[in-house]
Amino acid sequence: MERSRSRVDRLRFCFSRLSVDAVLATKFPNIRYLCGFTGSAGILLVEQGKTTLFTDSRYTFQAKEEVFDARVEIVKGGVIRAVGAYLRGKRRRLRLGYSPSNVTVSQKDALSAVASNVRWIPDQDAIEDLRSIKDASELAVMRGAAEMIGDVFREVIGEIKAGLKESELAARIEYGIKQRGGSGPSFDTIVASGPRSAWAHAQPSSKPLGKNELVVLDQGAILRGYCSDMTRTVYLGRATKRVRSLYNAVLEAQEAAKSAIRPGVTAGAVDKAARGVLTRHGLARYFTHSTGHGLGLEVHEKPRLGDGEKSVLHEGMVVTVEPGVYVESFGGIRIEDDVVVTGKGSIDLTTASRELFEL
Ligand SMILES: [Mn+2]
């Protein structure tokens, strides 16, 4: 993570716009992004002149190994109280940037109880905005995560057959991720077959895969903290004309969305490109979710590629492109890839084939 130094500095550049003296990071992906710490207890305080990670004695050695661009303070009796005591020591009014969606009410109360000089200022998701644009080292890891899940899919596809339970297939995918050195799945792997494939976010069940059924596999690997997210839909048997035409429409929608991606376009325009194709095929009512989302240290992050989204795409963003159609009691089809926004357009990180596999 050679560009780590600039992360904390880039956050500091936002201080005057936010009119804050310091920013509190409590969400773990944010802490990891800014200083490298991967532990699950800690708070990072970024001030103009210094950055401090407050954590406890379980993490003494780990923090020594992992943390860059911050000094580490090992505290007793709760990190939030320690941050409060530290801020009270400033003995002046302090405008503290924080994320209302990440700081809990009890954390806020506990800190305020100790440090009455703190004035809470919403940080407008400044850290999440920084995270949305990936640097070269992040992109290299994300390419690896996307490749990994493609490799797992290619390996598992030969084992998909009627009679195998959805839950068994999901377990096989997650085993493949760990076997290849991933730290785990980016989310609970989705395997949904037959009519259940129309449930866009189905949990795998004990239902065996049946002949002449669609199977939606939505899977992702975490590699060195970074997520991939990929969906493929396969058919058990010879695909019917209807299945094939639905599949081709979804693929066409995905390609249209990918072609719409370039720096300067809105997230909503990308969604519109996918939705426009499905509308022309008379399938708009079956496309019941947004076209994609940002991807990185979290599996869902900024930006959201949804209807009417005004946020603008920038070079270095990584997003999923995942249109789908879901027909009740018939089944669903979704095709999802991870792409990076480049200077001129976008390129795929996902390596797995997008052809309709008939197994
Ligand atoms: Mn996704």
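Scope of the values below: all heavy atoms of this structure, side chains included, with no hydrogens, waters or symmetry mates. Along the sequence shown, residues carry numbers from 1. We count ligands from 1, going down the list as the structure has it; atoms in each ligand are counted the same way. This is a predicted model, so every value here is computed, not measured.
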> Do Thr52 and Arg71 meet the criterion of a side-chain donor-acceptor pair at a distance under 3.5 Å?
Replying inline: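 Yes, a side-chain donor-acceptor pair sits under 3.5 Å.
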>> Please tell me whether Gln219 and Thr189 have a donor and an acceptor in their side chains that are separated by less than 3.5 angstrom.
In response: no
> How are the rings of Phe357 and Phe153 set relative to one another: parallel (under 30°), tilted (30 to 60°) or perpendicular (over 60°)?
Replying inline: perpendicular
> Between Tyr235 and Tyr247, is the gap from one ring center to the other below 6.0 Å?
Replying inline: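 Between Tyr235 and Tyr247, the centre distance exceeds or equals 6.0 Å.
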>> Just to verify, what does His289 make a ring pair (Phe, Tyr, Trp, His ring centres under 6.0 Å) with, not counting sequence neighbours?
In response: Phe287, Tyr326
>> I want to check something: taking the side chain as every heavy atom from C-beta on, are Glu322 and Asp229 in contact at a cut-off of under 4.5 Å?
In response: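 Yes, at least one pair of side-chain atoms sits under 4.5 Å.
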>> I want to verify a count. Protein N, O or S atoms less than 2.8 Å away from the Mn ion (ligand 1), how many are there?
In response: 4
